[in-house]
Colleague: 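Supplied in C-alpha cells, the structure appears directly below.
Remember, predicted model here, so these are calculated numbers, not experimental data.
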Amino acid sequence: QVHLVESGGGLVQPGGSLRLSCVASGSGFSINAMGWYRQAPGKERELVATITWGGGTDYADSVQGRFTISRDNAKNTVYLQMNSLKPEDTAVYYCNGRLRVDYNRILITYWGQGTQVTVSS
C-alpha cells in the first residue's frame with residue numbers, strides 16, 4: 001500500500017510564495033514520476049507540473065516561470081515552490097505519483113488527499 005501525503009498549503013497574499021511538499025510512503029514501490037495537479041471550484045482538475053525521477057520536468061503554461069517542481073529521490077518527496085502567486089492560483093492542489101508496486105511492470109497512479117491553496121488580499 002502506498003500513501004501520498006501533501007503539506008504546505010495555506011492562505012497567502014497575491015505576489016507571495018508557498019512551498020508544497022508531498023511524500024510517498026509505504027513499501028515495495030519505486031517512483032517513476034510525481035507531479036502536482038490542481039482543481040478550482042467549478043473547474044476540472046488540471047496539470048500544474050510533473051517531474052520524472054530522472055529529473056525531467058513539465059509545466060502548465062499558466063505557471064511557467066513562477067512555479068518550480070523538484071524532488072528528493074532519497075526521501076521519496078516532491079516539492080512545488082510557488083512564487084508570484086495570483087488569485088487564479090487558488091485551488092486544491094493534489095499530489096500525483098506514478099509508481100511501480102511489488103516489482104510490477106505496470107505503472108500505477110496514486111493521488112494524495114489534496115491541500116488547499118488560497119491566494120487573496
Side-chain angles (χ1 to χ4, degrees):
Q1 186 72 20
V2 179
H3 298 276
L4 304 182
V5 181
E6 305 100 329
S7 62
L11 175 65
V12 65
Q13 292 183 326
S17 298
L18 284 174
R19 190 176 80 150
L20 306 182
S21 300
C22 175
V23 59
S25 62
S27 62
F29 70 91
S30 62
I31 300 172
N32 175 259
M34 295 183 73
W36 293 93
Y37 292 70
R38 67 187 182 187
Q39 188 166 20
K43 300 184 67 176
E44 296 182 349
R45 188 173 298 186
E46 65 177 354
L47 170 73
V48 177
T50 61
I51 186 168
T52 70
W53 243 230
T57 59
D58 189 33
Y59 295 91
D61 290 343
S62 59
V63 307
Q64 183 72 46
R66 299 188 298 120
F67 292 10
T68 302
I69 190 169
S70 61
R71 85 278 186 262
D72 187 328
N73 295 33
K75 296 180 179 180
N76 292 332
T77 300
V78 65
Y79 306 94
L80 185 68
Q81 179 66 46
M82 304 185 293
N83 299 325
S84 301
L85 283 162
K86 304 174 181 179
E88 51 263 44
D89 295 318
T90 296
V92 177
Y93 284 69
Y94 295 92
C95 180
N96 168 274
R98 297 174 63 205
L99 314 177
R100 293 183 176 90
V101 181
D102 294 328
Y103 302 100
N104 199 315
R105 294 184 179 89
I106 300 173
L107 289 171
I108 302 173
T109 299
Y110 291 85
W111 293 93
Q113 81 287 346
T115 185
Q116 178 71 48
V117 172
T118 302
V119 185
S120 176
S121 299

Colleague: By the side chain to side chain donor-acceptor pair (under 3.5 Å) test, which pairs, at least two apart or in different chains, include something from residues 6-20?
Modeller: Glu6-Gln113, Ser17-Asn83
Colleague: Tell me, which pairs form a ring-ring contact (aromatic ring centres under 6.0 Å, His included) where one or both residues lie in residues 30-65, sequence neighbours left out?
Modeller: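 Every ring-ring contact (aromatic ring centres under 6.0 Å, His included) pair that includes a residue of residues 30-65, provided the two are not neighbours, is Tyr37-Trp111.
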Colleague: Rounded at 0.5 Å granularity, tell me how far CD1 in Ile108 sits from CG in Asn32.
Modeller: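 It is 12.0 Å, given to the nearest 0.5 Å.
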Colleague: Is there a path of hydrophobic side-chain contacts, each under 4.5 Å between heavy atoms of I/L/V/M/F/W/Y residues, joining Val92 to Val117?
Modeller: no
Colleague: Is a side-chain N or O of Thr115 found less than 3.5 angstrom from the main chain of Tyr93, in a donor-acceptor match?
Modeller: no
Colleague: With hydrophobic residues grouped by side-chain heavy-atom distances under 4.5 Å, do Tyr94 and Leu4 end up in a single group?
Modeller: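 No; tracing contacts between hydrophobic side chains, which count when under 4.5 Å, never links both residues.
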Colleague: State which residues pass side chain to side chain donor-acceptor pair (under 3.5 Å) with Asn76; sequence neighbours excluded, sorted by chain then number.
Modeller: none
Colleague: Please list all pairs meeting salt bridge (charged side-chain N to carboxylate O under 4.0 Å, His left out) that have one or both residues in residues 100-121, counting only residues at least two apart or in different chains.
Modeller: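 Checked against salt bridge (charged side-chain N to carboxylate O under 4.0 Å, His left out) - neighbours excluded - no pair reaches residues 100-121.
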Colleague: Kindly compute the distance separating CD1 (Ile31) from CD1 (Ile51), expressed to the nearest 0.5 Å.
Modeller: 11.0 Å
Colleague: Measuring from Asn104:CG to Phe29:CZ, what's the distance to the nearest 0.5 Å?
Modeller: 14.5 Å
Colleague: How long is the gap from CG on Leu18 to CD on Gln81, to the nearest 0.5 Å?
Modeller: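 Interatomic distance, Leu18 CG to Gln81 CD, rounded to 0.5 Å: 8.5 Å.
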Colleague: Treat each ILVMFWY residue as a node, draw an edge where side-chain heavy atoms are under 4.5 Å apart, and state whether Leu20 and Leu85 are in one component.
Modeller: yes
Colleague: Taking transitive links into account, so neighbours of neighbours count too, which hydrophobic residues share a cluster with Val23 at under 4.5 Å side-chain distance?
Modeller: Val5
Colleague: Grab the two heavy atoms, one from Arg98 and one from Asn96, that are nearest each other, plus how far apart they are.
Modeller: CG-OD1, 4.1 Å
Colleague: Under the side chain to side chain donor-acceptor pair (under 3.5 Å) test, which residues partner Ser70, sequence neighbours left out?
Modeller: none
Colleague: Give me each pair satisfying salt bridge (charged side-chain N to carboxylate O under 4.0 Å, His left out) with a member in residues 47-66, each pair once, sequence neighbours excluded.
Modeller: Arg66-Asp89
Colleague: I'd like to know whether Asn73 forms a side chain to side chain donor-acceptor pair (under 3.5 Å) with Arg71, so could you lay out the CA-CA distance, the side-chain angles of the two residues, the decisive distance to 0.1 Å, and finally the verdict.
Modeller: CA-CA 6 Å; Asn73 295 33; Arg71 85 278 186 262; 3.3 Å; yes
Colleague: Please tell me whether Val2 and Val78 are part of a single hydrophobic cluster in this structure, the criterion being side-chain heavy atoms less than 4.5 Å apart.
Modeller: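 The answer is yes; both residues are in one hydrophobic cluster.
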Colleague: I'd like a table of donor-acceptor pairs (distance under 3.5 Å, sequence neighbours excluded) in which one partner is a side-chain atom from residues 39-50, with atom names and distances.
Modeller:
| residue | atom | partner | partner atom | Å |
| --- | --- | --- | --- | --- |
| Gln39 | NE2 | Lys43 | O | 3.1 |
| Glu46 | OE2 | Arg38 | NE | 2.8 |
| Glu46 | OE2 | Arg38 | NH2 | 3.4 |

Colleague: How would you list all residue pairs meeting disulfide bond (SG atoms under 2.5 Å apart) that involve residues 52-88, not counting sequence neighbours?
Modeller: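 For residues 52-88, and leaving out neighbouring residues, there are no disulfide bond (SG atoms under 2.5 Å apart) pairs at all.
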Colleague: Looking at OG1 of Thr90 and CD of Gln116, how far apart are the two atoms once the value is rounded to the nearest 0.5 Å?
Modeller: 7.0 Å
Colleague: Can you list, by chain and residue number, the hydrophobic cluster partners of Tyr79 when the side-chain cut-off is 4.5 Å?
Modeller: none
Colleague: Can you tell me which residue pairs pass the disulfide bond (SG atoms under 2.5 Å apart) test with a partner in residues 50-121, sequence neighbours excluded?
Modeller: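 Listed by first then second residue: Cys22-Cys95.
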Colleague: With ILVMFWY side chains joined below 4.5 Å, transitively, what does Ile106's cluster contain besides itself?
Modeller: none
